[in-house]
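Just so it is clear: chains get the letters A, B, ... in the order the sequence lines come, proteins before strands, and each one is counted from 1.
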Amino acid sequence: MIISRDSSQDLNPSTNTAYSDIARVSHPQGEGRGKGHIEHLLHTNPHLWRGCNLAGQGSHGRSTGFPQLDAILPGQGWPTKGLMEIVSPYWGMGELQLLIPLMRSIVELGQWILWISPPYLLYAPALVQAGINTEQVLVVRLDTSCKDALWSMEKALQTETCGLVLAWQNWLPSKVLRRLQLAADTGNTLGVIFKHHDSKHSPSPIRLQIKDSPHATGFNEAEITLVKARGNFRPLSTQLNLYQHFQQPA
Amino acid sequence: MEDPDSLNQLSLPALPPATSARIIPLPKSALATASVGTRLPAVAPGSKLAAITALNKLRPTLWYALQFPQLADCPQPRQQKILNELAALALAVSATVSFHPLALVCEIRSSLNYFGGIDAIHDKLKQSITLHLVESGLPDSFLYAASPTVTGSLLLARSGHNAVVYRKDNLRSALGQLPTSVLELNKEQNRRLYNMGVRHLRDIWRLPGDGLRKRFGSEFINLLHKAVGTAPEPTLNYLPPPAFVTCYDLPFEIENLDRLLPVTDEMLAQLCDFLRRRDLSTSQLLFSLLHEKRASTPVSIGLRQPSRSREHLLMLLETHFTHLSIPAPVTAVRLEVKKFDACMSHSDALLLADNSISSSSSSSSSSSSSSSSSSSSSSSSSSCNNYNDSHLNQFIEQLQARLGEHHVKRITSVAEHCPEYACEHLDYTEATTPGNHRTSRNHPVALNPRPLWLLVDPLQLIVKAGKLYHRKPVTIVHGPERIETHWWSGHDVRRDYYIARESTGSRLWIYREKTGARNWYLHGFFA
């Protein structure tokens with residue numbers, strides 16, 4: 001059985017749990033002849049999602065460039081608009097490598113990438129090596145106040161010329177996050193917030209955590225956990241080879 | 001100047017012997033025609049020249065020529081500059097001031113009654129012009145004359161007679177007394193006229209027009225026709241530089257700047273109307289908020305790209321207001337334009353509808369096949385670049401208004417081997433100025449991996465019991481890569497770079513100095 005709901009209804013917590021129970025119980029049934037057609041209809045509409053585990057279904061997202069990551073993300077890729085949180089306990093764990101293929105496609109579309117007060121100096125040769133045209137990169141300096149940085153982020157998210165807005169803010173109240181989410185929806189822009197600690201009750205629709213891979217000893221491996229995604233009920237994780245464009249260290 | 005018809009002529013004094021001239025009132029008939037001239041005559045369509053002459057007959061004009069022979073020694077740009085300044089002075093007596101070689105001509109018939117005669121006008125002009133000439137370090141004398149035609153006035157002034165001819169009927173005889181040298185012909189033409197026994201203009205009047213045209217060219221004949229008023233005389237008129245200052249006194253004091261926005265919106269609407277009428281745009285504005293008994297608060301708005309969009313200017317002003325604190329309530333607002341620019345409007349694409357179709361088709365096809373969407377998106381990316389530009393500029397101006405000029409940066413890579421110098425952070429305005437197109441694509445970068453984050457000041461790592469520590473132990477994964485010598489910058493660089501991994505999972509870019517204390521440093525993160 002398939003349960004479909006409008007995404008606007010998911011604010012009601014009581015129906016949410018009720019539907020999910022039904023979904024889990026009655027999942028194995030519902031094989032039919034017109035299934036292919038229905039599946040296609042369900043997968044192409046981002047406003048429609050099923051109460052069961054949505055990972056890897058639908059195709060309304062933008063490909064991440066990592067097949068394993070696509071498989072666990074709803075819509076098989078990054079959302080085209082909205083807010084996303086990436087939790088990285090330390091900087092330098094490959095959190096930007098995750099977004100490099102996305103940045104490349106955004107620059108190719110003629111849109112701009114805005115970096116709002118990054119923690120260190122953004123190094124242009126590395127961007128060039130990754131195939132990103134630095135002419136479409138704008139940086140707001142680190143020493144801007146938090147208020148100004150958030151203001152810039154909101155404005156940038158509202159502007160359609162910015163395809164991607166990256167910000168480094170460790171702790172933001174959920175009120176601010178909702179406001180940014182609204183701004184991102186109006187401007188059709190994807191905003192990414194990098195932080196050190198995971199906050200359980202953040203309203204952002206997607207939260208990813210990057211961890212050092214426990215069993216792989218290779219330099220390139222990292223473990224990505226999808227802590228929260230609209231439509232997923234349990235965290236999913238995968239191993240990624242993040243530093244794809246590096247030549248294999250000897 | 002001696003003239004047979006002295007009733008209608010007035011000889012003004014030549015400048016060096018400065019005596020006041022006698023004013024002879026206009027003859028009655030001329031006054032009568034002047035009053036008639038306010039109505040336009042019915043003109044038969046088709047004959048343009050006839051219309052001009054008919055107009056001239058009904059509405060007599062008087063052109064006051066000022067000749068500055070001393071300007072001949074100045075270089076051309078300075079000449080033009082001084083003439084411009086003098087023309088601005090001449091605007092005090094006339095609405096139409098035109099430029100001629102070494103001379104200015106103003107129309108004074110329309111202001112004759114207002115100033116009470118040509119003598120008053122001359123005195124008024126002479127005072128300001130001599131003052132200005134002295135200030136520019138030139139001899140303060142000038143030649144002048146007035147007559148019903150521009151060329152006639154110029155010829156009279158050039159001869160140095162300082163004469164006034166009021167009526168066109170007398171112009172021919174007055175000009176007739178001038179020597180042929182005032183025509184400023186070339187050497188050959190002068191010689192030919194001399195050989196023909198022509199010494200004065202009156203000798204030319206007697207010669208047949210056809211023969212003269214054949215010998216001296218139509219330009220010569222045109223000049224003569226213009227001088228006596230039988231040919232139209234187009235002139236290059238002086239246009240004063242645009243200026244826009246407006247001030248609004250508030251009916252009551254305002255402390256909340258948001259309340260000021262409707263007023264400023266109205267002022268900006270006025271400004272934009274002004275700019276549209278003159279086909280201009282602006283790139284620098286100054287709002288002054290005036291307070292009682294205090295210095296005013298200036299709000300300067302600079303634009304990266306000249307604009308005359310009211311919404312954009314208002315939005316920038318609003319952004320400025322959000323972090324502006326005023327020392328006292330505002331009593332009045334003043335708006336001044338500091339810099340005018342030519343209006344450069346972008347033309348829209350001819351095939352705009354087609355473009356939107358192709359972009360929508362590319363988005364729909366992206367789900368089905370990736371290969372076709374990539375080709376169509378690359379073709380549409382160039383067209384949407386153009387569209388993005390104006391929006392982006394507005395957005396960046398807004399950012400700069402709020403954060404400050406130097407807080408929005410662009411980055412470029414530089415062809416340098418030394419990591420510190422291989423990346424440049426430029427101000428947005430600085431990076432986009434022409435001649436500074438150091439685009440990243442033109443510069444090759446190092447082949448070895450470079451980190452996305454670079455530390456401005458490398459951080460020294462600790463070595464404890466033969467092991468490297470940052471916060472946690474660090475193990476070297478790859479390396480070394482030697483980067484050496486930058487002695488020409490006064491900063492010697494001799495380092496071995498390694499890619500390392502901290503036990504927390506951070507990928508680090510570290511180096512060891514080859515000389516000196518041979519310390520280890522952290523220089524970047526492979527984020």
Students often mix this up, so state it plainly: with edges at 30° and 60°, are the rings of Tyr498(B) and Trp520(B) parallel, tilted or perpendicular?
tilted

At a 4.5 Å cut-off on heavy atoms, which part of Thr475(B) comes close to chain A: side chain, backbone, both, or neither?
neither

Please tell me whether His312(B) and Glu397(B) have a donor and an acceptor in their side chains that are separated by less than 3.5 angstrom.
yes

Within 6.0 angstrom of Arg141(A) CZ, more than 12 heavy atoms from elsewhere
yes

Going by atom types alone, do Tyr90(A) and His470(B) pair a side-chain donor with an acceptor below 3.5 Å?
no

Name the member of Ile116(A), Val140(A), Leu98(A), Leu114(A) that forms the most heavy-atom pairs with chain B at distances under 4.5 Å.
Val140(A)

The interface call for Leu142(A) against chain B, heavy-atom contacts under 4.5 Å, is neither

If you count heavy-atom pairs within less than 4.5 Å of chain B, which of Ala222(A), Pro89(A), Pro119(A) leads?
Pro119(A)

The interface call for Ile396(B) against chain A, heavy-atom contacts under 4.5 Å, is side chain

In short, Ile106(A) meets Gly163(A) closest at the heavy-atom pair CD1-O, 3.7 Å

For Thr322(B), is it the side chain, the backbone, both or neither that has a heavy atom under 4.5 Å from a heavy atom of chain A?
neither

Select one option (side chain, backbone, both, neither) describing which atoms of Gln398(B) are under 4.5 Å from chain A's heavy atoms.
both

Which atoms of His406(B) are under 4.5 Å from chain A, going by heavy atoms: the side chain, the backbone, both sets, or neither?
both

Of the backbone (N, CA, C, O) and the side chain (C-beta and beyond), which part of Thr159(A) lies under 4.5 Å from a heavy atom of chain B, both, or neither?
side chain

Plane angle bin for His486(B) and His417(B) - parallel if under 30°, tilted between 30 and 60°, otherwise perpendicular
tilted

Please determine if Glu108(A) and Arg62(A) form a salt bridge, counting it only when a charged side-chain N lies under 4.0 Å from a carboxylate O.
no

For each of Tyr123(A), Trp115(A), Trp91(A), tally heavy-atom pairs with chain B at distances under 4.5 Å, and name the one with the top tally.
Tyr123(A)

